Every structure is written in C-alpha cells, then in structure tokens.
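Please read the structure below before turning to the comments.
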There are 2 protein chains.
Amino acid sequence: MNYDEAKIKFVSTWGSLGTLWGINKAMAQIQALLFISTKPLSMEDIMADLKISRGNTSMNLRQLMDWGIVTKEIIPGERKEYFTTEKDVQELARTIAKERSRREIQPVIKVLKEVSSLKDDGTEKTKELIKQTKALHDITENADMMINKLVNQQQNWITKSLLKLIK
Amino acid sequence: MNYDEAKIKFVSTWGSLGTLWGINKAMAQIQALLFISTKPLSMEDIMADLKISRGNTSMNLRQLMDWGIVTKEIIPGERKEYFTTEKDVQELARTIAKERSRREIQPVIKVLKEVSSLKDDGTEKTKELIKQTKALHDITENADMMINKLVNQQQNWITKSLLKLIK
DNA sequence: TTTAACTTTCAATAATTTTTGAAAGTTTAA
DNA sequence: TTAAACTTTCAAAAATTATTGAAAGTTAAA
C-alpha cells in the first residue's frame, strides 16, 4: 500500500463511518482530508481531491465550522480562504461529543423527562410507560454525563486508571 | 398530557433520534412501541399502531431480531407470532453497544490499523498520515473498549464510584 | 391432502437526503 | 470606482434510502 492508496482508504472509510452514524459523507470526508493534511487546504484543493462540487464543499465546510471542528485560516497575501481542522484527536472527540450532546441528546432527555412525568392514572399501561421512559431517561442522562466527563479529561492518566478499575 | 399523547410523543421522538444516529425510523419506533407495551404485540398490532405496511413491519422486526433486541414469542393456541423487546434498559444498552461495536467500529479500527501501518517513506505527508491515523486508531479502540466495559457492569455501584472519581 | 391464516420477499414507488452548477453576492486589488 | 477573484445560495437533478403491497412462501388445523 502506497501513500495515495492509504489516503484514499482512510478518507473513504471515514466517510462511510460518518454515513452509518448519521453524518453526511462529504462532511466526514472533508474533515478526514484536513485531518491528515500537512497544511491548510483551499476550497479548490478539497473539490479537486474529493471530486465534489463547489457548492457542496462550501456548505459542508460551513457545517464543520458550525460544529467547531474546522476553522478558516487566512494566509497573508493570499486571496483564497484556507481551512484546517482540529488536529488533536482528544480535543476533536471532546468537541464532537459536546455538540452531539447539545443538539441531539439533551432534547431527547427533555422529552423523556416530560413523558415520564405523565400523571399516573392507575392503569397498567400508564405505569409501564412511566417506568420505562424513566429508566431510559436515567440511563441516557447518565451515559451523556459520563461521556462528557470522560472526554473532558486528559486521557493519559485517567484512561489507564479507569481501565484498570473496571477491568 | 394524557397517555396517548405521551405514547405518541415518546415513540416519535425515539424514531427521530434513531434517524439522527443512522437507524431507520420504523425500526426505532417498533422497538419503542414494544418497549412500553405491557404485553407482546403481533405484526397486526404494530402495523395498526404505527400505520406502516406489513412488509415494512416484517423487515424491521427481522432486523431487530438480528440485533438481538427483539424476540419472537409463541403464545400457545395462537396462530400469530408475537414480539417483545428486551425490557431491561441496561441489558438493551449492552446489546446495542456490542452490536454497533462489532458491525461498525471494529471494521474501522481494522482499517485505521492498516493505514497507520503504512511504511514511512520519509515524506512529511506520509508521516502525518501515519501519525494522525495512529492517534485515531488509539482513541477509537480505547473508547470502544471503555464503552463496552462500562455497559457491561452493573451500573449501580460502578456509575456512582466512577462519577465520583472523575468529577 | 387441502385450505385458511399467517409471514416473507422483492420489484416498484415514494420520500428523503445529497449534490450540482450557475447566478447572485462579497471582497479586495488596481 | 471597476473588475477580477473568490464564496455563498438555492432551485433543480441525482442518488440514496425507506416503504408499499401483492405474489410467493410457510405452517398448521381440519
């Protein structure tokens, strides 16, 4: 496997993983490309490399910026805009976890809380709905908290000690 | 909010969350429906409740069974097949985590390992590709292990002590 | 057996999501 | 200013994914 093959394999695999987890392929691939690039890339660079249109590139770069994992880089003397992604994998994970929590998990937790606060009318089906959504609420909130906490630590020491603890 | 409103809210919210995370809406909704049902449901029941076709119901039930979170229930004297989902939220989380890991994360870890084993030809871009995919490999493998470990414990004591530890 | 009750399959259709590309918008150098 | 270089927007098209429904398949009671 040479460099180009490896690069293509990585970028396309990352794109497929994205798709599987509800993230648009182009968005995942652009991020992957920036992640292994040694220098900031322009829109032209990205379009050429991934063979996608200008519009697609522009829209997905914007989304990545909204997520806080890509930033515009101004290169002095250059007219074009250049882009970079967070290079520290730990920080990247932190940001993604935080954003998915805020956008997707928190609203669900809110609904689960509402539903599980339904007044108990004494029927079995109501009792079951309350019980099960409460259980879901608790585990979701718990998992969300834990992921955010974990991802906020410096893995170095914490990972090792945690892994030891729960092994 | 009465029972029916609460039920609809829960089932449709769960469906939307599924979609956001790459799970087909009908599949998520069927699981949600079974999760709050006080008794096993037949295909007819599910079709009527979610207003979806027989084919759709059949295919998604099969997928849920493949995932190991729904099981066929044979009711003596009844010709129809009935279905139930795992009711214990802890066990449910364990199964889902295990399956997503096996189907989606492990293959990606394998590719990351391959790509990061690319022979260093001394160029900067190759060094960067190796470095970054190695970092991604390590964090992905680590996160995958941790989630599986965590989800395999009895939350009771472990959650509390872990939360205390990392707070 | 036969037949009725039920489930699965799958080609066709519908719905949704992604992508394109060209026009409109913006910025900066001259 | 003007105009060239560049970016954004968005309606239309393409691609993908989900859903339907009827025919084929299966099972079990009579």
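Each chain gets a letter, A, B and so on, in the order its sequence line appears, and its residues count up from 1. Predicted model only: the values in this text are computed from it and were never measured.
Picking from D/dT19, C/dT7, C/dT20 the nucleotide with the shortest atom distance to the side chain of B/N56 gives D/dT19. Checked against C/dT17, C/dG21, D/dT19, the side chain of B/S53 finds its nearest nucleotide in D/dT19. Of the candidates D/dT8, C/dT19, C/dT8, C/dT8 carries the atom nearest the B/R54 side chain, counting heavy atoms from C-beta on. Among the nucleotides C/dT18, C/dT8, D/dT8, the one closest to any side-chain atom of B/S58 is C/dT8. Listed nucleotides: D/dT9, D/dT19, C/dT20. Nearest to the side chain of B/N60: D/dT19.
Distance, A/M27 CE to C/dT18 P: 10 Å, rounded to whole Å. Residue A/M47 contributes atom CE, which lies 12 Å from atom C1' of C/dA22 at whole-angstrom precision. The distance from atom CG of A/L61 to atom P of D/dT8 is 8 Å, rounded to the nearest whole Å. The interatomic distance linking B/W21 (CH2) with C/dT17 (P) rounds to 17 Å, in whole Å. Separating the CG atom of A/D45 from the C1' atom of D/dT7 is a distance of 15 Å, rounded to the nearest angstrom. In this structure, A/I52 places its CD1 atom 14 Å from C1' of C/dG21, rounding to the nearest Å. One can place CG of A/D66 at 12 Å from P of D/dT8, the figure rounded to the nearest angstrom. B/M59 has its CE atom 11 Å from the C1' atom of D/dT20, to the nearest Å.
DNA chain D is contacted by A/K72, A/R79, A/K80, A/E81 of residues 70-85 of chain A, taking any non-hydrogen atom closer than 4.0 Å.
A/D49 and A/Q29 are not linked by any side-chain donor-acceptor pair at a separation below 3.5 angstrom, with hydrogens and angles left out of the test. Side-chain contact, B/W67 with B/Q31: no donor N or O sits under 3.5 Å from an acceptor N or O.
Note on the helix from C/dT1-D/dA30 to C/dA30-D/dT1: terminal axis deviation equals 10°, with five pairs used at each end and the result rounded to 10°.
Heavy-atom contacts from other residues, nucleotides or ligands closer than 6.0 Å to CZ of B/R62 number 12 or fewer. Shown here is B/K87, whose NZ atom has more than 12 heavy atoms of other residues, nucleotides or ligands within 6.0 Å.
In this structure, A/I147 and A/S101 have side chains that are not in contact, with every pair of non-hydrogen atoms separated by 4.5 Å or more. B/K134 is not listed as a side-chain neighbour of B/K131, based on a closest heavy-atom distance of 4.5 Å or more. The side-chain heavy atoms of B/L34 and B/T84, taken from C-beta on, include no pair separated by under 4.5 Å.
In this structure, B/W21 and A/W21 have perpendicular ring planes: the angle between them is above 60°, well past the 30° mark.
A salt bridge is absent between B/K80 and B/D45: the closest approach of a Lys/Arg side-chain nitrogen to an acidic carboxylate oxygen does not fall below 4.0 angstrom.
Between A/S42 and A/K25, the one whose closest nucleotide on DNA chain D sits nearer the 5' end is A/S42.
Here A/L129 contributes atom CG and A/E124 contributes atom CD; the two are 12.5 Å apart, rounded to the nearest 0.5 Å.
Among the protein residues, B/N24 comes within range of the sugar-phosphate backbone only, with heavy atoms under 4.0 Å from sugar or phosphate atoms but none that close to a base.
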